[in-house]
Amino acid sequence: MRAWNLLLLVALLALGSQLPAALGRRKGERHGGCPPDDGPCPQSVPDQCVDDSQCPAKMKCCHKSCFRQCVRRVTVKQGTCPEDRLRCLSPIQHLCHKDADCRGNSRCCLSACGRDCRNPVRG
């Protein structure tokens, strides 16, 4: 019986090490996403982090302007934003700032004239 318990423990540990890959995340990558990065790039600043493991508990290593830094993670809905090939002729206006601002499965996506809620593309 002891050998069976040991074998079960080894199997669970092996499966646990594969969990981030099965969920589509790299090892050390935390749940959640990065907030939108629409800011200008005023100057070149060195990265303050390389991955999530270098950030405090509820933060992620995200692009912010020109460099990577630890920021509060946000909830991200499934799917990706559709590609927008239009050019904007009016001033940029954001109708949302994060996925939580959008109803149902819609995501807050960057379009030619700013961010707005759109149905995601699966994949």
Side-chain angles (χ1 to χ4, degrees):
M1 188 67 169
R2 256 191 179 172
W4 176 250
N5 288 344
L6 184 61
L7 181 61
L8 183 61
L9 177 63
V10 169
L12 288 174
L13 288 173
L15 285 173
S17 69
Q18 298 301 312
L19 189 58
L23 295 174
R25 294 192 318 261
R26 292 181 303 232
K27 191 171 185 176
E29 186 176 357
R30 296 190 176 133
H31 288 285
C34 294
D37 179 23
D38 302 330
C41 184
Q43 61 184 357
S44 181
V45 177
D47 289 341
Q48 296 175 354
C49 58
V50 175
D51 60 35
D52 294 347
S53 67
Q54 296 175 322
C55 298
K58 294 187 177 183
M59 300 182 95
K60 285 186 70 70
C61 183
C62 300
H63 284 281
K64 192 73 173 164
S65 298
C66 312
F67 60 99
R68 294 177 66 80
Q69 67 180 13
C70 295
V71 296
R72 279 203 167 279
R73 60 186 176 191
V74 296
T75 301
V76 177
K77 295 179 182 177
Q78 290 186 336
T80 57
C81 288
E83 187 176 343
D84 191 353
R85 296 182 182 197
L86 302 174
R87 286 184 11 163
C88 190
L89 300 176
S90 62
I92 290 180
Q93 181 181 7
H94 297 301
L95 302 177
C96 62
H97 296 285
K98 57 187 179 294
D99 285 353
D101 296 337
C102 301
R103 292 183 180 172
N105 292 329
S106 293
R107 296 205 53 194
C108 184
C109 299
L110 184 61
S111 65
C113 293
R115 293 191 164 279
D116 61 1
C117 296
R118 296 181 173 208
N119 289 326
V121 176
R122 298 291 169 201

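What you are looking at is a predicted structure, and each value in this text was computed from that prediction instead of being measured.
- Contact check for K58 versus R72: side-chain heavy atoms found under the 4.5 Å cut-off.
- Side chains of P82 and C109 form a contact here, defined as non-hydrogen atoms less than 4.5 Å apart.
- Of all heavy-atom pairs spanning G33 and V76, the tightest one is CA-CG2, 3.3 Å.
- Put simply, the side chain of R107 gets close to the backbone of G79: a donor and an acceptor are under 3.5 Å apart.
- Annotation for L86 and A112: closest pair O-CB, 3.1 Å, computed over non-hydrogen atoms.
- Between C70 and C55, the two SG sulfurs come within 2.5 Å of each other, short of that mark.
- When side chains are defined from C-beta on, C113 does not count as touching I92, because their heavy atoms never get closer than 4.5 Å.
- A distance of 13.0 Å separates CZ of R103 from SG of C96, quoted to the nearest 0.5 Å.
- The shortest non-hydrogen separation linking K60 to C34 is CE-SG, 4.3 Å.
- Distance alone, capped at 3.5 Å, is enough to place a donor-acceptor pair between the D99 side chain and the K77 backbone.
- Panel note: side chain H63, backbone R68; no donor-acceptor pair is recorded below 3.5 Å.
- Cys pair C108/C102: SG-SG separation is not below 2.5 Å.
- Counting non-hydrogen atoms of neighbouring residues, nucleotides and ligands closer than 6.0 angstrom, the CG atom of D84 exceeds 12 such neighbours.
- In this structure, the separation between CD on Q69 and CG on D47 is 9.5 Å, given to the nearest 0.5 Å.
- Residue C62 holds its SG atom at 7.0 Å from CG of D52, rounded to the nearest 0.5 Å.
- Residues V71 and P35 are in side-chain contact: their nearest non-hydrogen atoms beyond the backbone lie under 4.5 Å apart.
- To the nearest 0.5 Å, atom CZ of residue R118 and atom OG of residue S111 are 4.5 Å apart.
- Taken from CD in Q48 to CD in Q54, the straight-line distance is 11.0 Å, to the nearest 0.5 Å.
- Taken together, the cysteine pair C49 and C61 places its SG atoms within less than 2.5 Å of each other.
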